[in-house]
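Structure first, then comments.
All figures in this text were calculated on a predicted structure; none of them were measured in a lab.
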Protein chains: 2
Amino acid sequence: MDVVVDQISLRRYNLSAVLRHLCGAGPRSRARIATDLGLNKATVSSLVAELGERGLVLAGDVERGQVGRPGQVVEVDGRVCGLGLQLGVDHVAAYVLDLRGEMVSSHHRRLDIQDLGPAGTLAMLAELIGSIVGGAAQDGRHIAGVGVGVPGLVESAAGSLRIGANLGWRDTRVVDELVTLLGNPEYPIHLDNDANLAAIAERATGCAVGAGNLIYLTGDVGIGGGVIVDGRVLRGADGFAGEVGHMTLAGDGRLCGCGRKGCWETVAGMPALLREIADPGSPIADPAMELQERLAEIRRRAELGDARTLRGLDAIGTGIGLGASVLVNIFNPQVLVLGGFFSVLGDLLMPAIQGQLSGQVVSESLSQCRVERSAFPFTAAARGGAHVVLESVLADPTRVPPGLARAGGSR
Amino acid sequence: MDVVVDQISLRRYNLSAVLRHLCGAGPRSRARIATDLGLNKATVSSLVAELGERGLVLAGDVERGQVGRPGQVVEVDGRVCGLGLQLGVDHVAAYVLDLRGEMVSSHHRRLDIQDLGPAGTLAMLAELIGSIVGGAAQDGRHIAGVGVGVPGLVESAAGSLRIGANLGWRDTRVVDELVTLLGNPEYPIHLDNDANLAAIAERATGCAVGAGNLIYLTGDVGIGGGVIVDGRVLRGADGFAGEVGHMTLAGDGRLCGCGRKGCWETVAGMPALLREIADPGSPIADPAMELQERLAEIRRRAELGDARTLRGLDAIGTGIGLGASVLVNIFNPQVLVLGGFFSVLGDLLMPAIQGQLSGQVVSESLSQCRVERSAFPFTAAARGGAHVVLESVLADPTRVPPGLARAGGSR
DNA sequence: CTTAGTTTGTTCAATCAACGGACAAAGATT
DNA sequence: AATCTTTGTCCGTTGATTGAACAAACTAAG
C-alpha cells in the first residue's frame, strides 16, 4: 500500500545521497560533502564511516586548501561492480563497470541464436556470467548484480521476454532460467529491453550525461526505442512502452515484419536503406555480409559521391527524422541519441534528420533538441545493464553487506 | 542539488501518507490506519493530532466492530479546498473541490477572448478568483491554492504561456500578472496546459481512477494531449511535452494551422469532421453555431442513418485511432481518455477507433488499453486545476498552517 | 619562531520521530 | 459479573540528525 518512512529508511536515503554525490561530483572531503548536501558535518562523518564499512568508499589523498587544516578526501571504492550483458541476434557483449564509472573488463562472443535456441543460449549466457563473476571475485571485486538486455517486448518486473521477434523467442522466462542455471546466486539478475538499457548508458556516461529526458533509437533491422522521462525509464502500464518502431507513419506503406503496414521501421530500418541504395541480389544486400563491412561499403560509396547512395541516405535520414519529429513533439527531450547504424552513418544521415526536425517540431522555436550519435553504437545496452545494477546500489547502499571493508582491494 | 532527508521531512512524509490514505481509502479509526500503513498506533495518534490542528482531518462517528472497544473514526476535513480554472476561447470554468473529493461550487462565464485581450481577460480572471476565494472564506473554507489551465505551450514552472495559438496569446506571464492583480495573495497560483490538467482530473475522480499511465486527448479544433507516466504528468525537458496534435501522420496531408503539413489534427480535429460531413457554407459548418448545438445536430443525423455523416464519423474515428495507436505503442497506457467532442460523440466514433487500435498496436495481444469517454468532456481541466492544489496539500500537509483547527467549520 | 586565523573532522549532549509495551477505556460475549 | 477483544494514550527506549565545543593540522603574518 502506501509507503511509509521510518528512521532506517531515512538513514538509507542519506547514505544514498552521499554516495550518489560522490559518484556524480567526484572525490571530496567530508566537510565539503556536508556543505554541498546541507547536512551536518557530524552526520556526514557517520554516513561516510558506514559507507566505508560496506566497501563503497575509501580514504583518498589529503587535499590542501589555501588555508586551514587539509581535508581527507573521500572517494568511491571501485570494488563494487555491475555486470551488464547484451544479447543480439549473432553475438553477446558483456561489460563490468565499477562504481567509479570505469570499465573493468569487456567480453564479446559470437553465437548463432538460431542454432542454439533459447535453452542453449541461456546455458551459454549463464556460463559466461558465472566465469565473469568468478574472475571478478579473484580480483577482489564484488559483482552486485547482473543486468541483461534483449531486443523485444520485455516484462521487466517478471524477468520475462514476452515477444522477441528478432531472436525468435516467445514467453521466455530469462531471469528464472538464469537463476536456476546459476544455482540461485546471491546477486540479483535484472532483465530489460535493450533500447531501455542503452538509453540508461548514454545518460550515465555517454553522450547524454545529465539529461533527464532523452530518447535512444536503436538503428538495426528494426528501430527500438528507449525513453527516459525525468530520469526514469518509461515503461508504461505493462512494461511495453517505447515500441516506436511500429508507429504507423506511412499510411500507404509497405508490409512490416510485425504483419502491419506502414510501420516506421519499414521506412527507416536497414532493409529500407538497402532497398534504396542497391538492387535486390546485389552483393551489398547479401544477408551473409558482415554488418560492419556493409556499413563500411556504404560509407565508401557515399564518400565517392555515388548519387544513388547519397539519395538513399537522404531518404532514410528523412524517414528517421519523420519519426523522430513525432517523438520530439511528444516527449520534448533534451537529447535524441542515434544508436546502431544510425550512429555509424550518423554524419551522412544527420542533415536530413535535422532538416525534418526543424521543420516538424512545434516547440523548435522555443527549445532545441540535440541530436547525438551514440557513444557506444552497438554495446550501449550491455553498459546500461551494468549501470542498472550500479544504480540499485546507489539507491540503496545497504544492499551491499558490510564486511567488504578492508579486504585488501587490489591484488 | 541532491535532496537530503532530515527528521522534519520524515514527519512531513508520514503526515502525507496518513492524509493520502484517508483520502484514498476513506474514513477509518487510528488503529486501522496503523495496520494499513504499517505504522505504530502511537505514531498514528500523533500524526492524526497534528493533521487535526491543521484543519485537515476531524473526528467522525464512532464505529462499532463485532467485539472490542469501538473506534473513533478519523475523516478528511472538507474545509481545505482547491480552486481550478480553465480558460477556453469563449468561456472560463471554475471549480472548487475539497479534500474529500466533493465539488463545493462551480462557476461558468462566457467571455470573448479576442475582444478582451490578455490584459482584460486576466483582470476578469483575477476578479473571479478573488470573489470565489472570498466567498469560500465566508463559508469557513480555506482555498489552499489556484490551478489554471490554458490551451497552448505552457512553461509551468515559470507560470508562463509561451504560445497560445487558439487564444492568440504569446509569452504571457499569466501567474505573475494574476499575482499582481490579486495583490500577492497568500495562496499559490499554478499554471498548466489544459490537457495536462484534464488528465489529472480523470485520474483523480474521472474515468481513469487509479491508472498510473494514461493519455487524455482534448477533442477540439485541435488535439491536445495530456500524458501521465507512472502517476506524474509528462513534461519533458522544457515543459512542452505532449504536443500530440502536431505529430506528422499524413505525409500527403493538408496544411495545419501551425504552418506545417499533415499534422494529426488536420485529419481528426473538428474542422476535419465538418469537412467530411458537410459542404463549405452549409449551416452546420457555420463558425457562429454553438458547439453543443452543432454536436447535437451531428448526432441527430447519425441516428437518422445519414450515410455521409456516418461515413464522416467513421473517417474521423479512423483518424483518431491512427494517432491513438501511435501513442499507445509509445506509452502502453492503461487508459486512453477521449475529451471534448471525441467524448460527446464517443459512442459514434468508438468502433472506428477501436478498430484502428486493435490493428495497429504491437502489444495488443498481451495487454489491452481501455478507451474511455471523458467523465467531464469540457470541464476536466478546471477540475484538474483544483486537484493539483489538493495534491500539493496531500504531498505536504504542513503547507496548511495550523490554527484552522476549531474554527467552527459550518457557516 | 611565534601567534593568530582558518578549516577539518570528531566527540558529546540535545532534540525529535518512531516504536514497543503497558494500560485504561469501552464495548461484546459468556 | 467475569472474560475477551479492540482502541487509543502514555512512557521509556531506540536511533538518526544536529549544534556546539574542541583538538588537529595547516597558512599567513609579524
Side-chain angles (χ1 to χ4, degrees), chain A residues 2-19 21-22 27-53 57-75 396-398 402, chain B residues 2-19 21-22 27-54 57-75 396-398:
Chain A
D2 296 79
V3 179
V4 165
V5 173
D6 55 12
Q7 287 192 323
I8 294 166
S9 49
L10 188 158
R11 178 73 173 183
R12 183 163 49 217
Y13 193 95
N14 283 340
L15 286 169
S16 165
V18 170
L19 185 56
H21 185 60
L22 283 172
R28 57 199 55 212
S29 71
R30 291 164 175 78
R32 180 73 195 282
I33 296 170
T35 56
D36 287 350
L37 295 183
L39 284 167
N40 191 282
K41 279 192 300 174
T43 308
V44 171
S45 277
S46 161
L47 292 167
V48 165
E50 180 168 346
L51 290 173
E53 280 167 27
V57 303
L58 45 78
D61 294 338
V62 172
E63 185 187 51
R64 328 195 101 71
Q66 297 290 14
V67 296
R69 171 176 162 180
Q72 264 284 117
V73 166
V74 179
E75 59 186 41
D396 180 7
T398 63
Chain B
D2 296 78
V3 179
V4 166
V5 174
D6 54 12
Q7 287 192 323
I8 295 166
S9 50
L10 188 159
R11 178 75 172 180
R12 182 162 52 216
Y13 194 93
N14 283 338
L15 286 169
S16 165
V18 170
L19 185 56
H21 185 60
L22 282 173
R28 59 199 53 215
S29 71
R30 291 165 175 76
R32 180 75 196 281
I33 296 171
T35 56
D36 287 350
L37 296 182
L39 285 168
N40 190 281
K41 279 193 299 176
T43 306
V44 171
S45 277
S46 161
L47 293 167
V48 166
E50 180 169 346
L51 289 173
E53 280 168 27
R54 294 184 189 278
V57 302
L58 46 76
D61 294 337
V62 171
E63 185 188 50
R64 330 193 99 74
Q66 297 291 16
V67 296
R69 172 177 164 181
Q72 265 283 117
V73 166
V74 180
E75 58 185 40
D396 180 7
T398 64

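Distance A/L15 CG to D/dG15 P: 15 Å, rounded to the nearest Å. For B/I8 and D/dT18, the CD1 to P distance is 9 Å, given to the nearest whole Å. A/R28 has its CZ atom 13 Å from the P atom of C/dG9, to the nearest Å. In this structure, A/Y13 atom OH and C/dA18 atom P are separated by 17 Å, rounded to whole Å. Straight-line distance from the CZ atom of B/R12 to the P atom of C/dA18: 12 Å, rounded to whole Å. With rounding to whole Å, B/E50 atom CD is found 12 Å from C/dC16 atom C1'. At whole-Å resolution of the value, CG in A/L37 and C1' in D/dA16 are 16 Å apart. Taking atom CZ of residue B/R11 and atom P of nucleotide C/dA18, one finds them 5 Å apart after rounding to whole Å.
Checking C/dG9, D/dT17, D/dG15 against the side-chain heavy atoms of A/Q7 singles out D/dG15 as nearest. Side-chain proximity of A/A31 to the nucleotides C/dT8, C/dG20, D/dT17 is greatest for C/dT8.
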Using atom names, set out every protein N or O paired with an N or O of nucleotides 26-29 of chain C below 3.5 Å, distance rounded to 0.1 Å.
{"from": "C/dA26", "atom 1": "N3", "to": "B/R69", "atom 2": "N", "distance (Å)": "3.4"}
{"from": "C/dA28", "atom 1": "O3'", "to": "B/Q66", "atom 2": "O", "distance (Å)": "3.1"}

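A/S16 meets the side-chain contact (heavy atoms from CB on, under 4.5 Å) test with A/R20, A/P397; sequence neighbours excluded. For the side-chain contact (heavy atoms from CB on, under 4.5 Å) test, residues two or more places apart in sequence or in another chain that qualify with A/D396 are A/R12, A/T398, A/R399. By the side-chain contact (heavy atoms from CB on, under 4.5 Å) test, A/L10 is found to be paired with A/N14, B/V5, B/Q7, B/L10, residues two or more places apart in sequence or in another chain being considered. A/R69 is linked by a side chain to side chain donor-acceptor pair (under 3.5 Å) to nothing, counting only residues two or more places apart in sequence or in another chain.
Legend: salt bridge (Lys or Arg N to Asp or Glu O under 4.0 Å) pairs involving residues 39-51 of chain A, not counting sequence neighbours, sorted by first then second residue: A/R11-A/E50, A/E50-A/R54.
For B/G71 against B/S29, the heavy-atom pair with the smallest separation is CA-CB, 4.2 Å. Looking at every heavy atom in both residues, B/R28 comes nearest to B/I33 through CG-CG1, 3.6 Å.
The phosphate of C/dG9 (OP1 or OP2) has a side-chain N or O of A/S29 nearer than 4.0 angstrom. Proximity of B/N14 to the phosphate of C/dA17: no side-chain N or O atom is located under 4.0 Å from OP1 or OP2. Note on A/S45: every side-chain N or O is 4.0 Å or more away from OP1 and OP2 of C/dG9.
The 5' end of DNA chain D is approached more closely, in terms of each residue's nearest nucleotide, by B/K41 than by the other of A/N40 and B/K41. The 5' end of DNA chain D is approached more closely, in terms of each residue's nearest nucleotide, by B/A42 than by the other of A/L10 and B/A42.
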